[in-house]
Amino acid sequence: AREVDVEPQSELFDVGELVRYEVANAAELLKDKPVRMTVSIDGAPPLVAPPRVMHVVVANLLRNACQYTDAGQVEVTVADGKVVVRDTGIGMSSEALARAFDPFFRADRNQSYGVGLGLPIVRRLCERCGWRIQLESAEGQGTTATLHYG
């Protein structure tokens, strides 16, 4: 994300396939939790973009959803030029949501993982690719992260 002068390598890839791969990896984070993860792929056409960047973005969003959800579900949807990751986790206050993309900010300082760089990296990568990342959240009700790539 820091290498502004280096253009990431674009190629044609299947967004649904990439998301399924990252969901399989993230499932390991839920193995000891009563959390169900579902994936829905609805007519996502192939995309010409840097697949490595998409991997990093989707993996970060899934990791956050899995780490901050102790019960309930994580739903991943790919459709209409977007990837939506919705969870029933701890959610964020409006103050925390406003700072979610700040480097080193963590909504829950009691968590032992992460240093608060995932979402800032996600935002920076999205900006470089012309994508947009959007967060909606409410304390105790979960978070929805939407990656608009289309």
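Just so we're clear, the structure is a prediction, and the values are computed from it rather than from any experiment.
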Minimal non-hydrogen separation, Pro51 against Leu18, with atom names: O-CD1, 3.6 Å

Hydrophobic cluster identity match, Phe13 and Val23, side-chain contacts under 4.5 Å: yes

Steps toward side-chain contact (heavy atoms from CB on, under 4.5 Å) verdict (Leu147, Lys82): CA-CA 5 Å; Leu147 165 63; Lys82 62 186 174 184; 6.0 Å; no

Between CG on residue Asn60 and CG on residue Leu125, distance to nearest 0.5 Å: 8.5 Å

Verify same cluster id: Val19, Val84 (apolar side-chain graph, 4.5 Å): no

Derivation and outcome, side-chain contact (heavy atoms from CB on, under 4.5 Å), residues Asn64 and Leu119: CA-CA 9 Å; Asn64 283 350; Leu119 286 176; 3.7 Å; yes

Chi angles and distances behind the side-chain contact (heavy atoms from CB on, under 4.5 Å) call for Val35, Asp70: CA-CA 7 Å; Val35 178; Asp70 291 326; 5.8 Å; no

Side-chain heavy-atom pair Ile133, Phe101 within 4.5 angstrom cut-off: yes

Spacing of CE belonging to Met54 relative to SG belonging to Cys129, to within rounding of 0.5 Å: 8.0 Å

CZ on Arg132 to CD on Glu127, rounded to 0.5 Å: 12.0 Å

Glu11 side chain near Val48 side chain, heavy-atom distance below 4.5 Å: no

Verdict with reasoning, Val78 to Asp42, per side-chain contact (heavy atoms from CB on, under 4.5 Å): CA-CA 6 Å; Val78 180; Asp42 185 21; over 6 Å; no

Within-4.5 Å side-chain heavy-atom neighbours: Arg20 and Ile41: yes

For the student: nearest non-hydrogen atoms of Ala145 and Leu135, plus distance: CB-CD2, 3.5 Å

For Tyr68, the option from Val74, Thr88, Ile90 that meets side-chain contact (heavy atoms from CB on, under 4.5 Å): Ile90

Residues Glu28, Lys31: salt bridge by 4.0 Å N-O rule: yes

Note, Val53 side chain near Trp131 side chain (heavy atom, < 4.5 Å): yes

pair Thr144-Val85: side-chain heavy atoms closer than 4.5 Å: no

Least distance between heavy atoms, Ala26 atom then Cys66 atom: O-SG, 3.9 Å

ILVMFWY cluster, Val76 and Val56 together (side-chain gap under 4.5 Å): yes

Glu95 CD to Phe105 CZ distance, which is reported to the nearest 0.5 Å: 9.0 Å

Atom pair OG/CG of Ser137 and Leu97 - distance to nearest 0.5 Å: 6.0 Å

Side-chain touch Gln73/Asp87, heavy atoms, less than 4.5 angstrom: no

Glu22 to Ala59 - nearest heavy-atom pair and separation: OE1-CB, 3.4 Å

Results of side-chain hydrogen bond (donor to acceptor under 3.5 Å, both in side chains) for Asp14 - residues two or more places apart only: none

Neighbour count above 12 (heavy atom, 6.0 Å) for Asn25 CG: yes

Contacts of type ring pair (Phe, Tyr, Trp, His ring centres under 6.0 Å), residue His55, not counting sequence neighbours: Tyr21

Glu139 side chain reached by Ser93 side chain, heavy atoms, under 4.5 Å: yes

Within-4.5 Å side-chain heavy-atom neighbours: Pro50 and Arg128: no

Lys33 side chain vs Thr69 backbone, donor-acceptor pair below 3.5 Å: yes

Same cluster (ILVMFWY, side-chain, under 4.5 Å), Ile121 and Leu61: yes

